[in-house]
2 protein chains.
Amino acid sequence: MGLLQLNSQPSTLSSTKPMARKTKEDAEITRQRIIDAAREVFSTHGVSKTSLEKIAKHANVTRGAVYWHFENKAELSFAMREQVILPLFDRMDETLLVNNHNLDPLQRIENFLLATINVLNHDPATRQTYEIFMTKCEYVDEFSLVLEEILDNCSDIVKKLEQTYEEARQQNLVHLNHSPADLAMDTHLFFSGLLHMWVKDSDGTRFRDRAKSMIQTHLSLRRK
Amino acid sequence: MGLLQLNSQPSTLSSTKPMARKTKEDAEITRQRIIDAAREVFSTHGVSKTSLEKIAKHANVTRGAVYWHFENKAELSFAMREQVILPLFDRMDETLLVNNHNLDPLQRIENFLLATINVLNHDPATRQTYEIFMTKCEYVDEFSLVLEEILDNCSDIVKKLEQTYEEARQQNLVHLNHSPADLAMDTHLFFSGLLHMWVKDSDGTRFRDRAKSMIQTHLSLRRK
DNA sequence: TTGCATACATACAAGAATGTATGTATATTA
DNA sequence: TAATATACATACATTCTTGTATGTATGCAA
């Protein structure tokens with residue numbers, strides 16, 4: 001009964017429901033669909049008010065599939081977060097530290113900030129994930145582990161900014177009475193605030209449209 | 001049966017449970033106790049995972065009392081928020097706009113930021129409320145109304161900062177190539193980021209201890 | 001081709017949590 | 001002082017949600 005799988009190629013996951021499937025490729029597709037579904041439902045109803053049942057339905061599977069791939073809602077959320085956080089840090093290293101295009105250090109910082117905003121503007125998955133983790137989840141119980149991670153990540157960002165500002169100072173691009181550490185922390189706080197405002201302004205009429213110019217302004221304030 | 005109320009003075013709300021009470025003063029005390037209880041439970045378990053039953057028990061009342069004073073959990077949360085937000089704005093007007101102590105505009109901005117951090121350090125209710133609304137609630141459904149309010153408040157803060165920076169410019173305290181609007185927005189984003197980091201660093205070892213010096217640094221970056 | 005592991009779907013049990021309806025004793029007011 | 005409104009406590013019905021247990025068809029390996 002149901003559709004027969006004749007070989008190991010990923011099946012089409014068609015609308016008629018075959019009762020069980022199994023190639024590793026199919027399983028991976030299912031897993032990703034669950035993550036995608038979770039992101040979408042989370043971003044409209046928040047994490048707490050979203051049951052695994054709703055996620056499952058939105059992904060055209062049952063809770064059985066969700067529990068097969070993830071321990072619980074928290075672990076599912078963490079997997080979702082990693083998918084956008086890791087690429088962000090790759091971009092950071094590339095944009096900020098590697099001098100590909102003969103840009104001066106201050107330009108690299110500006111580019112890093114602009115690039116991040118750009119991703120948020122153009123990649124819905126990243127944007128939704130940011131919204132979820134900044135305004136639609138609660139950092140208690142298991143989620144408080146994420147807070148620690150965030151703090152670690154921030155320290156990392158500040159370090160790399162500091163390195164870059166140090167370069168800028170050596171090239172005499174910034175005023176000497178400002179230490180790279182201070183500049184780095186100030187820029188980080190600026191950007192942190194900007195991201196929070198950007199996310200909160202879901203209409204896009206108060207901050208999102210001005211984000212880029214604010215970044216340029218921030219860096220022009222540093223330049224000698 | 002139960003304790004008798006002999007007059008209209010607020011009763012002592014003793015540990016033995018009289019079944020019903022009623023002076024307006026008592027009711028107001030009960031209401032405040034519910035708010036206090038909610039704040040405490042919210043700040044450890046988050047809003048979503050806190051039932052009205054838990055709040056009621058923590059306040060030594062039943063859900064009946066909670067529903068008498070508040071429509072639901074959201075309205076209770078909003079009442080809680082107002083108790084700390086309104087004083088904050090009063091402080092802002094006083095510290096930022098009124099020149100009580102012959103301080104120059106940049107000093108007034110610095111004082112406003114420092115004063116806010118000071119309140120967070122010393123007033124547990126304010127601190128807990130900030131923590132709740134920044135990391136322990138989800139801005140969906142009724143709560144998304146708060147997001148609008150926050151955006152309005154931010155615009156207000158930026159306006160007042162701009163006014164103050166305008167004064168600073170007239171007194172030739174800042175570089176002329178920076179517009180007061182830009183400076184105001186940059187300072188607001190800085191402080192917004194600082195507050196978020198401050199709240200997330202619940203241990204107090206990464207940001208809280210350095211907050212004040214970061215504020216001073218931020219303003220020294222502006223001064224001519 | 002048999003046997004086991006995989007990838008789910010289905011079914012079950014149990015506990016919250018909410019909103020509301022109702023009971024009730026006391027304050028307040030007329 | 002009687003009547004009414006207040007300030008709750010209690011009880012109830014219902015709806016979600018979770019976790020787990022179980023069923024089952026298929027892929028895959030020996």
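These numbers come from the heavy atoms of this one structure, side chains and all, not from hydrogens, waters or symmetry mates.
Rounded to whole Å, atom P of D/dC8 lies 13 Å from atom CD of B/Q32. Nucleotide D/dT6 holds its P atom 15 Å from the CD atom of B/E25, rounded to whole Å. Rounded to whole Å, atom P of C/dT28 lies 9 Å from atom NZ of B/K24. Per the geometry, CD belonging to B/E28 stands 15 Å off C1' belonging to D/dC8, to the nearest Å. At whole-Å resolution of the value, CG in A/D141 and P in D/dT18 are 14 Å apart. Residue A/I55 contributes atom CD1, which lies 14 Å from atom C1' of D/dC16 at whole-angstrom precision. In this entry the distance linking CD1 of A/I34 with P of C/dC8 reads 7 Å, nearest Å. Spacing between atom CZ of A/F70 and atom P of C/dA7 amounts to 13 Å, rounded to whole angstrom units.
For A/K49, the salt bridge (charged side-chain N to carboxylate O under 4.0 Å, His left out) test picks out B/D141, with sequence neighbours left out. When the salt bridge (charged side-chain N to carboxylate O under 4.0 Å, His left out) test is applied to B/E75, no partner is found at least two apart in sequence or on another chain. Listed by chain and residue number, nothing satisfies the salt bridge (charged side-chain N to carboxylate O under 4.0 Å, His left out) test with B/D182 (two or more places apart in sequence, or in another chain). Not counting sequence neighbours, the partners of B/E149 by the side chain to side chain donor-acceptor pair (under 3.5 Å) test are B/R81.
For the pair B/H69 and D/dA7, the criterion of a side-chain N or O lying under 4.0 Å from OP1 or OP2 is not met. Between B/T23 and C/dT28 there is no side-chain polar atom (N or O) within less than 4.0 angstrom of OP1 or OP2. In terms of phosphate contacts, A/W68 brings a side-chain nitrogen or oxygen within less than 4.0 Å of OP1 or OP2 of C/dA7.
Using a 4.0 Å cut-off between a side-chain N of Lys or Arg and a carboxylate O of Asp or Glu, A/D36 and A/R39 qualify as a salt bridge.
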Would you mind writing out the side-chain donor-acceptor pairs for residues 204-214 of chain B within the sub-3.5 Å range, not counting sequence neighbours?
residue : atom : partner : partner atom : Å
B/R206  : NH1  : A/L151  : O            : 3.3
B/R206  : NH1  : A/S155  : OG           : 3.0
B/R206  : NH2  : A/D152  : OD1          : 2.5
B/R208  : NE   : B/W198  : O            : 2.7
B/R208  : NE   : B/D201  : O            : 2.9
B/R208  : NH2  : B/E131  : OE2          : 3.1
B/R208  : NH2  : B/W198  : O            : 3.2
B/R208  : NH2  : B/V199  : O            : 3.3
B/K212  : NZ   : B/N118  : OD1          : 2.9
B/S213  : OG   : B/R210  : O            : 3.4

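Between B/N60 and B/R33, some side-chain heavy-atom pair lies under the 4.5 Å cut-off.
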5' to 3', nucleotides 12-21 of chain C under a 4.0 Å protein heavy-atom cut-off (B base, S sugar-phosphate only, - none) gives -----SBBB-
